[in-house]
*Asks:* 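The following block contains the structure, expressed as structure tokens.
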Amino acid sequence: MSVKANVFNPVVAADRVDYPQLEHTIQNWWATHNILQQYLHRNEQSEKRYSFLDGPITANNPMGVHHAWGRTYKDLYQRFKTMQGYKQRYQNGFDCQGLWVEVNVEQALGLKTKRDIEDYGIAAFVEKCKERVFTFAKRQTEQSIRLGYWMDWDNSYYTLSDENNYTIWSFLKKCRERDLLYKGHDVMPWCPRCATGISNMEMEAEGYKELTHLSLYVRFPLLDRPGEYLLAWTTTPWTLAANVAAAVNPELTYAKVEQDGEYYYLVESLLSVLKALKGRDKGEYKVVETLKGSEMVGWKYQGPFDELPAEKGIVHTVIPWKEANATEGTGIVHIAPGCGKEDFGLSKELGLPAIAPVDEFGVYKEGFDWLTGKQTSEVGPLVAENLTKKGLLYRPQNYKHRYPTCWRCKTELIFRLVDEWFISMDTLRYEIMDVVRQINWIPAFGFDREMDWLRNMDDWMISKKRYWGLALPIFDCQQCGNFEVIGNREELQARAVAGWEEFDGHTPHRPYIDGIKIKCQKCGNEVSRIKDVGNPWLDAGIVPYSTIHYRTDHEYWKQWFPANFVTESFPGQFRNWFYSMLVMSTVLEKTAPFKTLFGYATLMSEDGTPMHKSKGNMIVFDEAAERVGSDTMRWLYANHTPEQNLNFPSIPTDKDMQKSAESGLPVRLSEKWMLTRRTLDKIWNVYWFFVTYANIDQFDPTQHQLPMASRSELDHWIISELQQTIRDVTSGLEQYDTTKPAEALQSFLEDLSNWYLRRSRERIWKSQLDDDKLAAYLTLYECLTTLLTMLSPFMPFLTEEIYQNLVRSVDQTAPQSIHLCDWPQVDQALINEQLTNETHLVMRIVGLGRAAREKAQIRVRQPLNALYVHVPTVAEEEALQRLSDQVLEELNIKHLELMSADSAMLNYTLRPQVKILGPKYGPLVQKILGHLKGLSAHEAQEAATQLNSTGTLTLTIAGQEVSLTPNEVEVLATARPGFVTAEERGYIAALETTITPLLREEGMVRDLIHFIQDMRKKAGFNIEDHIGLAIYTDRELAQILQPYQTEIMSETLALNLLLSISPRDFPSFEEVYREHISPESTKKLGNYTIDIVLGKNVRDGKHV
RNA sequence: GGGCUUUUAGCUCAGGUGGUUAGAGCGCAGUCCUGAUAAGACUGAGGUCCCUGGUUCGAGUCCAGGAAAGCCCA
């Protein structure tokens, strides 16, 4: 045999593939060949545009595996659209500004308070924030590239950019013009550590914690009723110093209760609290009177801290409040308008004074005597002590409840009266709702969630009393109360009367912008910018405008706006990114900023619990990529139902990695990962198979062509399946679904490897490269390469690796990378549904045949004479006859016989078609069903025969004559007992189980061949190696084997065969491997004893 | 308290417009096949489709009420 170069590079077996390693190799190859740049520009001249808008990733930490989930979708759809020829922008975004960055920088610098920051210097601090953002943007870019995420990385947008900030300015100016912007006094959730308000949007679920606080039952002495008290309850003792009123529900019934000679008022339905609180110091109680809450309204009482200067002149009254409930506490609610949201609302309604007791750090201000200078968080017990001294404490009680904490630093929030800036939602919310209706929400319930949020959204607080963020362009005149909004840099310059020189040359950030003063248009006073920075969701919300030059190149903007597609994890984003984009786009253009929104759920750890850095179950992206591989991870994501949480399987441990390094084998993955990895392995196996045999045959796909007409039915079938797969994958992806396409691809792969390849083995195994073998190679090649093309957006690395070997190595005119290929087009003409059905019929009958063999306990290697088959329709009989070869080969049976309708092997039963009978007979249908069910086996057989022969079955049901047609009642064949059969809904396979001596011999020969094949492998021969073979046995078996010598030799690639009954006969080859088979060994050949010897064959003095 | 989601096999999940034998994968048990070997095929066991009522000839599917879990908001 002459030694020719291989057509393809030889391929290692699937279990030797180190995917992460392979991914690195591909990555480098892409880099050296500039593939990404070619990809980004390949559709530059295209008329078709696809506008993807990336939700900016917070550039504050390295990426986790949860980011990889979203980025897989982002990459996949953009790749899909690229292959379809759409021009795109491929712009990635980084979210840069905001408190989260500040918090991390503070930690890094060891700063604890805002005062520390100011001492450190705002300019230096802001610089550090910028540095941090750029550091992590770089890191995240590297990580994304490792995922195979292809973006125009040099063109990423940063929300800290001047353009982004100034576009927000123009938005705010428009808000001002529409009178949507106002300075509000409101009670806000407030973080005393960060010294800033927390907007509603930021009160994340994670922010709520199960906490235990000291709650107090306090008695308020009634002024005109000596010895009588209101019994009020609070979970925030620190707010008692700001009490101005007590609220009762006017609708509810309250009770006056006598206890230890004193009288308490509380809601009747909560008298149980007295019982629960009855301790050593409290006696029995009894109700002396009941009254409506409304009757108590207007009563005056002595406040708990009337001695404090801040409380001076406050008249404490009982007020009505419908929301006062009787589910916990006492039904009497302590009201401190400076410390609670509802309280503040009531105070506005009823004209009550509001006392704001604490400063921005949660420390009591002047006027609170001994409390002044103390933290709200530390005063609980002190207040209790003080009240006890004054005789006002009824009882303390520890109370567990969900309490909000700061979403960044976890400090418990307080509620505090502040000045902040708001965008009014009064009318805007309805405009936004109209915009929401224009959007395609996937999943559909996203629409409901967004609408719900919009209905309930309070005015949007956009200011933050911090340092690193958008400089709100609001100039609030302290003299006349007028405020103005500056819409851009030029306007600022024009209006500036001071500070421009210091600012010029800097980005629009603090502190340089703080020095600018403008002249108030109303009163001429010099006005400074408010010190606040903007809510960071403004930064992200503007990107549908700022990233495509809304202000500077309106034509360009129009070409790319609105985005076709955005996607993010939806928990949270309905009130964050989605919301802020909707608000801003509604104000700016009254239109939707994107057409389709695709949301996915949350990534959890393997056991379904949330991943947290602190819990130690967080999986960093890089480790997952290096241990299981990016392609595998991506395939996991693509297969998962997006609206459901994804439990990310645990990755191999350090120990696993070490073991793998020691053994030199790829690391073993867990069961759960293997579920995903198996698909990649299977692709590899098919690839391996093709390359191995194509090399043996020197098959070069570019050198051959064969029209479909000259190919086999099997070829037609798999090509038809391929076309259907293209159709299904394409339409699935077009609807932003990855799961159905992934399933379709997988199922095609199953068909290809489990049936097509299996059935084609014989064709490829033949020695000569005839048309049939060519057809098999060409068909397999076409299927494999098309499958790879479709898989390339899912698993960009693996598909590239295979493409390079399979396509590029033989065709230098093909696109340089699989990612520069076109998306495959469906060829309708090649779809043959009939063939699909027929092939499935063959598979089904083969399955039944195997089942029958199993029942008979006859393994497939033992040939049998006949299989009797029954199928329900004539068309299927015809098809089966045509395709019988496939069935017989698979089952190792010599003849296939169809069982006719009157076969002695068959029985019949009736199967009513309810879907047809129901509409026709209505209520009678249940009676007909009952009747048919009630028939005995014999009666059923009779009825079936009648229906078969006459075409109708006439019954009398409830005195009514009913004629049923074969359409309405299907006659189903079943197997008669006594044959070895398997059946399934009218399909029956029966086995002739007689094993003649000849069949037994044939079975033994097949066993023998199988043993020799096994030995070849053990001896280390290559698939195409020829061997020498010697068999030593007794006379009887030798005689049996005699006629099969040629078959044995050709099946085992033996160049010669020594069949001998004498161990003294020596073979002409050099012995390599030997096995002894006897009734005692694990391998058995009947009762015979046999020695098999394999050797390297020597001919003409050289090894062949 | 309100909104959204989920509840189907041991586990993870499929089950257009209602149709009488509810599926898949994994796991389990057993068998087969194999030069794809961490693969593949077959068979089997395993279900009160969360509960209750209703609509209907017929409900896993539609309606109402309820329960549990998750998320969001008060």
Side-chain angles (χ1 to χ4, degrees), chain A residues 13-16 200 203-206 208 323 325 327 341-342 443-453 455-458 570-575 601-602 604 608 610 639-641 643-647 649 665-666 668-669 671-672 674-675 677-678 681-690 692-693 739-740 743 746-747 750 753-755 757-758 761 765 843 846-855 857-861 890 892 911-929 933 982 984-985 1010 1013-1018 1021-1025 1052-1053:
Chain A
D15 61 338
R16 295 283 165 154
N200 271 340
M203 301 259 287
E204 286 181 21
E206 251 183 81
Y208 280 88
E323 304 297 313
N325 65 50
T327 53
K341 204 155 184 67
E342 293 84 3
F445 65 72
F447 172 82
D448 298 318
R449 287 214 186 161
E450 192 63 54
M451 288 302 244
D452 181 56
W453 169 252
R455 271 189 292 274
N456 296 310
M457 175 63 192
D458 295 325
F570 49 47
Q573 299 300 350
F574 291 104
R575 59 213 175 94
T602 308
M604 303 291 193
N639 275 281
H640 187 262
T641 319
E643 66 252 42
Q644 266 157 17
N645 288 348
L646 167 58
N647 296 350
L665 290 169
R668 270 185 111 84
L669 300 183
E671 207 58 73
K672 287 207 167 89
M674 278 313 291
L675 279 181
R677 171 62 67 76
R678 222 161 289 196
D681 284 348
K682 206 169 244 188
I683 296 163
W684 194 273
N685 279 330
V686 177
Y687 166 56
W688 177 91
F689 180 93
F690 175 83
T692 303
Y693 288 99
T739 59
K740 285 205 183 71
E743 217 177 280
Q746 206 146 329
S747 123
E750 300 283 326
S753 89
N754 290 350
W755 193 257
L757 217 58
R758 202 184 149 79
R761 273 240 164 76
W765 204 229
M843 292 174 179
V846 168
L848 290 173
R850 287 206 187 101
R853 267 185 174 278
E854 176 156 348
K855 276 192 199 164
Q857 290 290 300
I858 301 172
R859 58 222 165 94
V860 178
R861 234 182 280 139
E890 279 293 311
N892 195 18
R911 201 178 137 79
Q913 301 298 297
V914 193
K915 207 165 180 174
I916 300 168
L917 290 170
K920 183 165 173 187
Y921 290 101
L924 205 58
V925 74
Q926 295 305 327
K927 295 210 169 95
I928 298 173
L929 293 178
K933 214 173 254 175
E984 181 189 34
R985 301 205 181 191
H1010 170 63
Q1013 301 287 30
D1014 192 44
M1015 289 170 65
R1016 279 179 57 103
K1017 198 173 172 188
K1018 279 191 195 147
F1021 287 106
N1022 289 325
I1023 290 170
E1024 69 275 23
D1025 286 345
T1052 60
L1053 291 186

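Chain A is the first sequence line, chain B the second, and so forth, proteins listed ahead of strands; every chain is numbered from 1.
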*Asks:* Go through B:A14, B:A36, B:G35 for me and flag the one nearest to the A:Asn685 side chain.
*Replies:*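 For the A:Asn685 side chain, the nearest candidate turns out to be B:A36.
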*Asks:* Kindly point out which of B:A14, B:C32, B:C4 is positioned nearest to the side chain of A:Arg859?
*Replies:*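 It is B:C32.
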*Asks:* Between B:U37 atom P and A:Arg16 atom CZ, what is the distance in whole Å?
*Replies:*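 Between P of B:U37 and CZ of A:Arg16: 10 Å.
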*Asks:* Please classify the nucleic acid contact of A:Asn1022 as base, sugar-phosphate, or nothing, using heavy-atom distances under 4.0 Å.
*Replies:*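 Base contact.
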*Asks:* How long is the line joining CZ of A:Arg861 and P of B:U34, in whole Å?
*Replies:*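 Atom CZ in A:Arg861 sits about 4 Å away from atom P in B:U34.
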*Asks:* Just N and O in the side chain of A:Arg677: are any of them under 4.0 Å from OP1 or OP2 of B:A38?
*Replies:*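 So the side chain of A:Arg677 is outside the cut-off, no N or O lying under 4.0 Å from OP1 or OP2 of B:A38.
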*Asks:* For A:Lys1017 and B:U37, give me the distance from atom NZ to atom C1', rounded to whole Å.
*Replies:*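 Atom NZ in A:Lys1017 sits about 5 Å away from atom C1' in B:U37.
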*Asks:* When the distance from CH2 of A:Trp688 to P of B:A38 is rounded to whole Å, what number comes out?
*Replies:*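 Those two atoms, CH2 and P, are 12 Å apart.
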*Asks:* Please state the P separation for the pair B:U31 and B:A22 - nearest whole angstrom.
*Replies:*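 Approximately 29 Å lies between the P atom of B:U31 and that of B:A22.
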*Asks:* Distance between the C1' atoms of B:A9 and B:C28, in whole angstroms?
*Replies:*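 Here B:A9 and B:C28 have their C1' atoms 12 Å from each other.
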*Asks:* Just checking A:Thr692: base, sugar-phosphate only, or nothing, at a heavy-atom cut-off of under 4.0 Å?
*Replies:*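 Contact class for A:Thr692: none.
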*Asks:* Using whole Å, what does the distance between atom C1' of nucleotide B:C73 and atom CZ of A:Arg575 come to?
*Replies:*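 So the CZ-C1' distance, A:Arg575 to B:C73, works out to 8 Å.
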*Asks:* Could you tell me whether A:Arg761 contacts a base, only the sugar-phosphate backbone, or nothing, with contacts defined as non-hydrogen atoms closer than 4.0 Å?
*Replies:*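 Touches a base.
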*Asks:* How far, in whole Å, is B:G46 from B:A24 if one measures between their C1' atoms?
*Replies:*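 My reading of the C1' atoms in B:A24 and B:G46 gives 15 Å.
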*Asks:* Between B:A41 and B:G27, how many Å separate the two P atoms, rounded to a whole number?
*Replies:*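 About 12 Å, rounded to a whole number of Å.
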*Asks:* At 4.0 Å (heavy atoms only), tell me whether A:Leu929 reaches a base, stays on the sugar-phosphate, or touches nothing.
*Replies:*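 The answer is base, as A:Leu929 lies within the cut-off (heavy atoms under 4.0 Å) of a base atom.
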*Asks:* Between atom CD in A:Glu743 and atom C1' in B:U12, what is the gap in whole Å?
*Replies:*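 Rounding to the nearest Å, CD of A:Glu743 and C1' of B:U12 are 14 Å apart.
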*Asks:* Could you tell me whether A:Val860 contacts a base, only the sugar-phosphate backbone, or nothing, with contacts defined as non-hydrogen atoms closer than 4.0 Å?
*Replies:*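 Result for A:Val860 = sugar-phosphate.
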*Asks:* Assign A:Tyr687 to base, sugar-phosphate, or nothing according to its heavy-atom contacts below 4.0 angstrom with the strands shown.
*Replies:*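 No contact at all - A:Tyr687 keeps every heavy atom at 4.0 Å or more from the nucleic acid.
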*Asks:* Given B:A41, B:C4, B:C73, which nucleotide is nearest the side-chain atoms of A:Trp453?
*Replies:*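 Nearest to the side-chain atoms of A:Trp453, counting from C-beta on, is B:C73.
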*Asks:* Using a 4.0 Å heavy-atom cut-off across all strands, classify A:Glu671 as base, sugar-phosphate, or nothing.
*Replies:*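 It contacts sugar-phosphate atoms only.
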*Asks:* Measuring from the side chain of A:Leu675 (C-beta onward, heavy atoms only), which nucleotide among B:C42, B:G25, B:G3 has the closest atom?
*Replies:*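 In terms of side-chain proximity for A:Leu675, the closest of B:C42, B:G25, B:G3 is B:G25.
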*Asks:* Over all strands shown, is A:Gln913 touching base, sugar-phosphate only, or nothing at heavy-atom distances under 4.0 angstrom?
*Replies:*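 No contact at all - A:Gln913 keeps every heavy atom at 4.0 Å or more from the nucleic acid.
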*Asks:* Take atom CG of A:Leu848 and atom C1' of B:A41, then tell me their distance rounded to the nearest Å.
*Replies:*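 It is 14 Å, rounded to the nearest whole Å.
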*Asks:* When rounded to the nearest Å, what value does the distance between P atoms of B:A38 and B:G19 take?
*Replies:*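 It works out to 45 Å between them.
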*Asks:* Would you mind classifying the nucleic acid contact of A:Pro649 as base, sugar-phosphate or nothing, using non-hydrogen atoms under 4.0 angstrom?
*Replies:*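 It contacts nothing in the nucleic acid.
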*Asks:* Identify whether any heavy atom of A:Ile1023 sits under 4.0 Å from a base atom; if not, whether one sits that close to sugar-phosphate; answer base, sugar-phosphate or nothing.
*Replies:*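 Base contact.
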*Asks:* Would you kindly give the CE-to-P distance between A:Met674 and B:U37, to the nearest whole Å?
*Replies:*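 In whole Å, B:U37 P and A:Met674 CE are 11 Å from each other.
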